[in-house]
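Here the structure is a predicted model, which is why all the values come from computation and not from measurement.
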Amino acid sequence: MKRFLLFTLISVISIAFSSCNKNAYDFSRLDGLDADGSWGVPLVNADFTVEDILNMAEGLSFIQTGDDGTLELTYQLEQDSLISSDVVLNIIKDKVFTQSRSLSIPISRFPSIPNISFDLIKDTTAIDLPTDQAILEYAEIKSGHFLFTVDHDIPIDFTIEISSSQLKDANGNDFVFTKDISAHENNSISLDIAGYEIQPLATNKLQFYIHIHATSTGQAVSANPSVHYSFRVENIALRELRGKVTSFDVDLDETMDIDLGFLAQKLGGAITIYDPQVKCEVMNSFPVGGKITLTDASLRAPGLPASPLLSSSPAVIELPGNTQQYENVSLPIASSLYVSTKMNQAHISGNAVLNPDGMSAPTITLKENQSINFRMSFVLPLKVKIDDVTFKDTIDFGGVDIPDISGISNMLLRLAFENGLPFDMNLQAYFYDS
């Protein structure tokens, strides 16, 4: 990038005064000045680039210089987690799975002798997780609850055991829960099953074994005793799953504000920008491919026709799986762009799809924090004159150590400027002592 010399002070002698004397501003004292030969010391050499000036100009930080020295306007749209693994891992979070049973128990099952242990109920039931979005081989539960309710009319104490070989703890042990139930007591039990793993034997089926074990009291039991139990599984969010998943898609519709009004003063109501650049980068950390279809990328303003950046639409971006960094992708870009300086929005729209082949794709493993990320930069090259860009800077060029100033009758400040910018500028400088 071409740099320019903004301030050069050549042959300058600076003397630090302990105080200011108002007579120093009496310029009539310069009449008839007879200057003798003297010597000078260069004190300051300062460079500023185009970026330095534009960065110091409030509100113009989106302007930068291109490789050819012209100015560029850059706007960037960025969408992290355009599709997030949470979309897949939370597919059953809002669903509630329930099962209930009412069991009549024959009187003959109750011993007439007290303190006899016996099996009151052995029952098996199951819940089926939906298969339309995922068929699981394995899943780890991040959060979820199992609720069990039992009510009965049996005048004895018993112990209820609930177990499942399709739910495993972190050590690979089956889910097992036991609870003592007092005579005539109804109970509701809530269990946190976070950290358990789902290992279905059949397609998305979780089977539960209900075992009620009792001890006889010798009391008579009324005719037709019964036990009613129900359970529900809810708020299941997954940390990881392995299996086949359907395709997931999300609409892409993003708008950002832009400001081209500062160009209107010199360029009028509209300009034509040649060779606009659109840089598009994507990252897909899923282990399966995806696709982004852009139907629009344009500059807009209310009441005006859009200025499309794409030379053809739709533009399809194929996303390979398991990319861990942003990668550039090419897009069909218009060779010129007719832009009204009233335009105040950059807009993109389309659709993003994860796993386009759906259930026909191979088995995959999905984990937390996987995502499809998308960002796009609009770079508009311009050759323009910018007015009223203002900045300030202070440069200390004092401090020359001259032990004896009694022999100095006058001094000269000589300023040299070189302007390598593609636009004019005015300078106002103030000199003051410390």
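- Within the 4.5 Å cutoff, the side chain of Val227 has heavy atoms near those of the Ile154 side chain.
- Of the residues listed (Ile292, Ile372, Asn328), the one engaging Val282 in a side-chain contact (heavy atoms from CB on, under 4.5 Å) is Ile292, and it is the only one.
- Judged by distance alone, the side chain of Ser84 and the main-chain N or O of Asp86 form a donor-acceptor pair under 3.5 Å.
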* To do: Step by step, work out the ring-ring contact (aromatic ring centres under 6.0 Å, His included) result for Phe158 and His152.
  => CA-CA 11 Å; Phe158 56 84; His152 64 97; 4.7 Å; yes
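- Applying the ring-ring contact (aromatic ring centres under 6.0 Å, His included) rule to pairs touching residues 320-350 yields nothing, sequence neighbours excluded.
- Contact between Met359 and Lys244 at its shortest, heavy atoms only, is O-CD, 3.5 Å.
- Of the possible donor and acceptor atoms, one in the side chain of Ser216 sits under 3.5 Å from a partner among the backbone N and O of Ile113.
- Considering Tyr209, Phe177, Phe146 in turn, Phe146 is the only one that fulfils the ring pair (Phe, Tyr, Trp, His ring centres under 6.0 Å) rule with Phe231.
- With rounding to the nearest 0.5 Å, the separation of CG in Asp251 from CG in Asn351 is 5.5 Å.
- For Glu368, the salt bridge (charged side-chain N to carboxylate O under 4.0 Å, His left out) test picks out Lys142, Arg239, with sequence neighbours left out.
- Formation of a donor-acceptor pair under 3.5 Å by the Ser313 side chain with backbone atoms of Thr295 is found in this model.
- By the 4.5 Å heavy-atom criterion applied to side chains, His213 and Ser117 are counted as neighbours.
- Between atom CZ of residue Phe378 and atom CG of residue Leu337 there is a gap of 10.0 Å, rounded to the nearest 0.5 Å.
- Note on Glu318 versus Lys291: no salt bridge recorded, every NZ/NE/NH1/NH2 to OD/OE distance being 4.0 Å or above.
- The closest donor-acceptor contact from the side chain of Asn284 to the backbone of Phe286 lies under 3.5 Å.
- Between the side chain of Glu281 and the main chain of Arg375, no donor-acceptor pair closer than 3.5 Å is present.
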